[in-house]
Amino acid sequence: DVKVTQSSRYLVKRTGEKVFLECVQDMDHENMFWYRQDPGLGLRLIYFSYDVKMKEKGDIPEGYSVSREKKERFSLILESASTNQTSMYLCASIPSGSGHNEQFFGPGTRLTVL
Amino acid sequence: AQSVTQLDSQVPVFEEAPVELRCNYSSSVSVYLFWYVQYPNQGLQLLLKYLSGSTLVKGINGFEAEFNKSQTSFHLRKPSVHISDTAEYFCAVRGSNDYKLSFGAGTTVTVRA
């Protein structure tokens, strides 16, 4: 089974702190994604990566950056956390190639910024 | 780019009654369509997907969905719900030549005895 793990289920940080959210997948997937989930807004794409060292902005990249130094790990970075970044963050992955159609999701990290 | 509209934000339903969750999408390219479910305090789990072929697709837990290209819809149905179906349901779309997903806002289904 594909496994996508996220470093924390719950995280509480203070405004202005630098925050790292880690995501690891164990199935050698090329493509990885970070979403945030907010009530009434569904999931919105923050950043994604199609390969190591590659990154592309999603729909709401402001205030975030990412790092993909190894294929299995995709990190989301909040350079200076703000209260409006309080949210549930979900990581997902999918392999490249035809026949691979659905993204596999991690359990999520609920981040609270005080 | 693709977009998804889920027409109902909340759907209360009695146990053993049928339920339908509505989803419309827009896209300028051919698409793959998905329904995901999120149970309380859990991650997203795939319910079913439409890639091509038969427009009626069956998924896990007795759910099914019908793809209607002319109406750009992908409505989810279950003929008889259980208390355990209480969850949030997300419709999602991606272009067939892309890996990015676009999600709807979600529909919260609450099943009552």
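Chain letters run A, B, ... following the sequence lines, proteins first, then strands; residues in each count from 1.
Under a 3.5 Å cut-off, the side chain of B/S27 and the backbone N or O of B/V29 do form a donor-acceptor pair. Put simply, the side chain of A/T15 gets close to the backbone of A/L114: a donor and an acceptor are under 3.5 Å apart. With hydrogens and angles disregarded, no donor-acceptor distance shorter than 3.5 Å links the side chain of B/Q42 to the backbone of B/Y39.
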*ring-ring contact (aromatic ring centres under 6.0 Å, His included) evaluation trace for B/F63 with B/Y89*: CA-CA 12 Å; B/F63 284 92; B/Y89 293 80; 5.5 Å; yes
*asked:* Under the criterion side chain to side chain contact (heavy atoms under 4.5 Å, CB included), I'd like the reasoning laid out for B/V4 against B/F90: C-alpha separation, chi angles, the key distance, then a yes or no.
replied: CA-CA 10 Å; B/V4 178; B/F90 293 97; over 6 Å; no
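For the pair A/C23 and A/W34, the tightest heavy-atom approach, listed with the atom from each and the gap, is CB-CZ2, 3.6 Å. Closest heavy-atom contact between A/K71 and A/M32: O-SD, 3.6 Å.
Both the backbone and the side chain of A/L43 come within contact range of chain B, with heavy atoms under 4.5 Å apart. In this structure, chain A has no heavy atom under 4.5 Å from any part of B/N97. For A/Q37, the part sitting under 4.5 Å from any heavy atom of chain B is the side chain, from C-beta outward, and nothing else. Contacts of B/L101 with chain A are made by both backbone and side-chain atoms, with heavy-atom separations under 4.5 Å. Using a 4.5 Å cut-off between heavy atoms, B/Q38 contacts chain A through its side chain alone, with no backbone atom that close. Neither the backbone nor the side chain of A/R110 has a heavy atom closer than 4.5 Å to any heavy atom of chain B. The contact between B/E88 and chain A is made entirely by side chain atoms (from C-beta outward), counting heavy-atom distances below 4.5 Å. With a threshold of 4.5 angstrom between heavy atoms, B/L51 approaches chain A through side-chain atoms but not through N, CA, C or O.
No donor-acceptor contact under 3.5 angstrom links the side chains of A/E56 and A/S49, judged on distance only.
A ring-centre distance under 6.0 Å is not found for B/Y50 and B/F34. No close placement of the A/F33 and B/Y99 rings is indicated, their centers lying 6.0 Å or farther apart.
Contact residues of residues 102-113 of chain B toward chain A are B/F103, B/G104, B/A105 (heavy-atom distance under 4.5 Å).
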